[in-house]
S.K.: 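This is the structure I want to talk about, given as structure tokens.
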Amino acid sequence: MNGPTKTTISKTTKLFLTPKISHYQSLLKHYAATRSLTRTKQLHAHLTNSGLLSTRFLPALVAAYGQCGCVLNARKLFDELPQRGTVLYNYMIKMYVNNGNYFEAMKVFVEILQSKDCCPDNFTYPLVIKACSELVLVEYGRAVHGLTLVSKFGSHLFVLNSLLAMYMNCGEVEEAKRVFDAMKEKSVVSWNTIVNGFFKNGFANTALMIFNQMVDSGIETDGASVVSVLPACGYLKELEVGRRVHGLVEEKGLGKKIVSNALVDMYAKCGSMDEARLVFDDMVERDVVSWTSMINGYILNGDPRSALSLFKIMQIEGLRPNSVTIALILLACASLNNLKSGRCLHGWVIKQRIDSEVGVETSLIDMYAKCNCFGRSYSVFKRTSRKKTVPWNAMLSGCLRNDRATEAIGLFKQMLMEGVEINEATCNSLLPAYGIVADLQPVNNINSYLTRSGFVSNVQVATSLIDTYSKCGSLESAYKIFNAIPIEVKDIFVWSIIIAGYGMHGHGEIAVSLFKQMVQSGVKPNDVTFTSVLQSCSHAGLVDEGLYLFNFMLKDQQTNPNDDHYTCIVDLLGRVGRLDEAYSLIKTMPFMPSHAVWGALLGACVIHENVELGEVAAKWLFELEPDNTGNYVLLAKLYAAVGRWEDAENVRHRMDDMGLRKAPAHSLIEVRTV
DNA sequence: GAAAGAAGAT
């Protein structure tokens, strides 16, 4: 082994005795890279005390403080510098961006633009564009985009990638697509950004399509690629596609924790808890997101009990739940109507001092409201800061759930007075209250508020408003709002609501014609729309139309007729006395007819005095809902109608025997007077 | 010295 030579020893000694400027600079560089704030401060003090601090060190110090996130020191030194290069400006911008102080980052950018001797470069632009993106200042972003085009960095890959992300984050999907398509050189990051961006903007199908293009064009996918596409698979419940992505993960060895978490979430959302569990059990290291995703999966798949037990295991294994976990567990408690566990958890979050996190507060309000504890719900709400919108929304929907429509409206007025921001969810929670109160004047007021504030351009809000108007009996106003929605925005829900509105008020023809318009506009009817339109036919006695639509549904094969649909048709045929046809239809049903179907038949038999079929229907009804006095009353009415008093009396005795005396007296009196 | 990436409630 060779020891240190004489020359190296003398070099080192020299360095200790007379440290060079470059030595300090490389030390500062090292501190910046390792983010050692204490050492930076120590060296800073040393340089000051020994009188060595000259402007030559300032840039390196600014960089080190900047990297360590020590904003104040960095800014002070930066301001003292007589001359600043682009590199230093970039350090400042980066520091502010890393600290989430995007406004300050933008200010420094303006300083560069105003400075005489330096210009933004390919490092400046991505940072500034990120700041615009985080602030959702798309107009500034566009201006910066313009600046890059007149600079020489307009086609720099990193600059373009950050522009993609910015446009996507600001909802400017078209613009992002334009930039992407025009890029001569694309990296895996460009593809990932665009896939993720499409998904986040509600275009899950496009996200999947572009991911496929990416794989086909031979781009080397990385962990971020799969993490970008998996949420889209989950959202679309594309289990097969998800499995293929999983295959890709195995093949390329991308199985990091974050990827496994995304896989667990995907399988859970696709309804395959077994596969989710396999990935979860296979993980070497699980974090709170892994556990929370599994818990969420059990809840989504209708198994809140497993969610609760997994939550217990999680705590035994020493993982600390966060506000997301708490929100989910409270949801599980609410769905099980398990107030005890909910209160227990409430106690726990108080002890953990996370009870004043807005997400936790909201979930507590929601849980108590769903467990019919309106008082507790309200007392949690009263203790919130009342500045954030979400707890108010939870309280509003809690009022509705507990039959307190008037209080909900009062709460909304208070929200306006206290200057709390209103969002779409507020409107959607609130509007049903006006439908219940069913007074037109307040609805007109809220309508003008929603129009002024622009919320009505949201299709969900418009749908709620249409529903509210039709519940108040003002179809004219309902139609006005419906008509103002552009045809391409009209979705299945808004069509169903307007059809139901006309149907409810006996305008069957209009309902049917709207239904036909909907099909023509390319919106595929679902079971709810069919129910609405068939009920409309039934209310208006449109037999032929109803049968035509029912056959359309059978032929179309997109929706399978459900119990409600059969009930409508039985009702429709029954009303016009086509009782045999109704009975034959019931016999062809592919599943057990419910009490509603038999009830419709019995009702029709009473009107048309058909004892034979009435008895068949009644027999089924007594079996399906033995405690429903209404059915006995109907049968007795039928007997009475045809003069079979003895049988009518027998039905009454049968009711007595079964202890169904609770029947309202007037219905029995009615039997006698028929 | 730079770009993208997972869970929840209204």
Side-chain angles (χ1 to χ4, degrees), chain A residues 29 32-33 63 66-67 86-95 97-98 121-130 133 153 156-166 168-169 187-197 199-200 222-231 234 254 256-266 268-269 287-297 299-300 321-332 334 357-367 369-370 388-398 400 423-430:
Chain A
K29 213 169 172 182
Q67 288 286 84
T86 305
V87 177
L88 221 51
Y89 277 108
N90 289 349
Y91 267 121
M92 291 300 287
I93 297 180
K94 187 185 166 200
M95 173 185 72
V97 167
N98 287 344
D121 64 9
N122 53 322
F123 296 110
T124 323
Y125 285 118
L127 287 166
V128 173
I129 294 166
K130 162 128 183 165
S133 170
F153 305 108
H156 194 278
L157 181 64
F158 283 26
V159 173
L160 288 169
N161 281 347
S162 50
L163 280 170
L164 287 180
M166 187 270 294
M168 280 300 195
N169 196 37
S187 68
V188 63
V189 175
S190 328
W191 286 91
N192 293 351
T193 310
I194 213 88
V195 168
N196 188 266
F199 173 69
K200 290 240 164 105
D222 62 7
S225 321
V226 293
V227 172
S228 299
V229 78
L230 284 170
L254 302 171
K256 288 210 188 96
K257 188 167 71 183
I258 176 167
V259 172
S260 301
N261 285 350
L263 280 171
V264 169
D265 177 60
M266 180 276 294
K269 293 216 168 101
D287 61 8
V288 61
V289 178
S290 329
W291 288 88
T292 309
S293 303
M294 275 306 286
I295 288 171
N296 182 34
I299 294 173
L300 286 179
N322 63 17
S323 63
V324 180
T325 329
I326 300 297
L328 284 166
I329 292 302
L330 286 170
L331 194 70
E357 272 187 33
V358 65
V360 174
E361 287 174 336
T362 309
S363 317
L364 281 169
I365 295 169
D366 187 55
M367 182 274 295
K370 282 178 179 158
K388 294 265 169 61
T389 310
V390 254
W392 286 85
N393 291 354
M395 200 60 243
L396 279 176
S397 70
L400 264 297
N423 64 18
E424 270 104 22
T426 319
C427 306
N428 288 327
S429 304
L430 172 75

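Remember, it's a predicted structure, so these values are computed and weren't measured experimentally. The figures that follow rest on heavy atoms only: side chains count, while hydrogens, waters and symmetry mates do not.
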S.K.: Can you pull the contact range of chain A along DNA chain B, 5' to 3', using atoms under 4.0 angstrom from its heavy atoms?
M.R.: B:dG1 to B:dT10
S.K.: Would you indicate what A:Lys269 reaches in the nucleic acid, counting non-hydrogen atoms under 4.0 angstrom: base, sugar-phosphate, or nothing?
M.R.: sugar-phosphate
S.K.: For A:Lys257, enumerate each residue passing the salt bridge (charged side-chain N to carboxylate O under 4.0 Å, His left out) test, keeping only those at least two apart in sequence or located in another chain.
M.R.: A:Glu285, A:Asp287
S.K.: NA contact type, A:Asp222, heavy-atom cut-off 4.0 Å: base, sugar-phosphate, or nothing?
M.R.: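 Answer is base: heavy atoms of A:Asp222 come under 4.0 Å of a base.
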S.K.: NA contact type, A:Asn196, heavy-atom cut-off 4.0 Å: base, sugar-phosphate, or nothing?
M.R.: sugar-phosphate
S.K.: For A:Asp366 and A:Ser363, which I'm curious about, is there any donor-acceptor pair between the side chains at under 3.5 Å?
M.R.: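 Not at all, the side chains of A:Asp366 and A:Ser363 share no donor-acceptor pair under 3.5 Å.
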S.K.: What residues, two or more places apart in sequence or in another chain, satisfy side chain to side chain donor-acceptor pair (under 3.5 Å) together with A:Asp222?
M.R.: A:Asn192, A:Ser225
S.K.: Name all residues meeting the side chain to side chain donor-acceptor pair (under 3.5 Å) criterion together with A:Ser323; count only those two or more places apart in sequence or in a different chain, and write none if there are none.
M.R.: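 Per chain and number, A:Ser323 pairs via side chain to side chain donor-acceptor pair (under 3.5 Å) with A:Glu357.
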S.K.: Students often get this wrong, so: under 4.0 angstrom with heavy atoms, is A:Lys257 touching a base, only sugar-phosphate, or nothing?
M.R.: nothing
S.K.: Could you pull out all residues at least two apart from A:Lys94 that satisfy salt bridge (charged side-chain N to carboxylate O under 4.0 Å, His left out)?
M.R.: none
S.K.: Looking at every strand, decide which applies to A:Asn98 at a 4.0 Å heavy-atom threshold: base, sugar-phosphate, or nothing.
M.R.: nothing
S.K.: Who passes side chain to side chain contact (heavy atoms under 4.5 Å, CB included) against A:Ser429, sequence neighbours left out?
M.R.: A:Leu396, A:Ser397
S.K.: Checking all strands, does A:Asp287 fall into the base, sugar-phosphate, or nothing category for heavy-atom contacts under 4.0 angstrom?
M.R.: base
S.K.: Assign A:Val324 to base, sugar-phosphate, or nothing according to its heavy-atom contacts below 4.0 angstrom with the strands shown.
M.R.: base
S.K.: If you look at every strand shown and take non-hydrogen atoms under 4.0 Å, does A:Lys200 touch a base, only sugar-phosphate, or nothing?
M.R.: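 Answer is sugar-phosphate: A:Lys200 comes under 4.0 Å of backbone atoms only.
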S.K.: Over all strands shown, is A:Lys388 touching base, sugar-phosphate only, or nothing at heavy-atom distances under 4.0 angstrom?
M.R.: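 Touches nothing.
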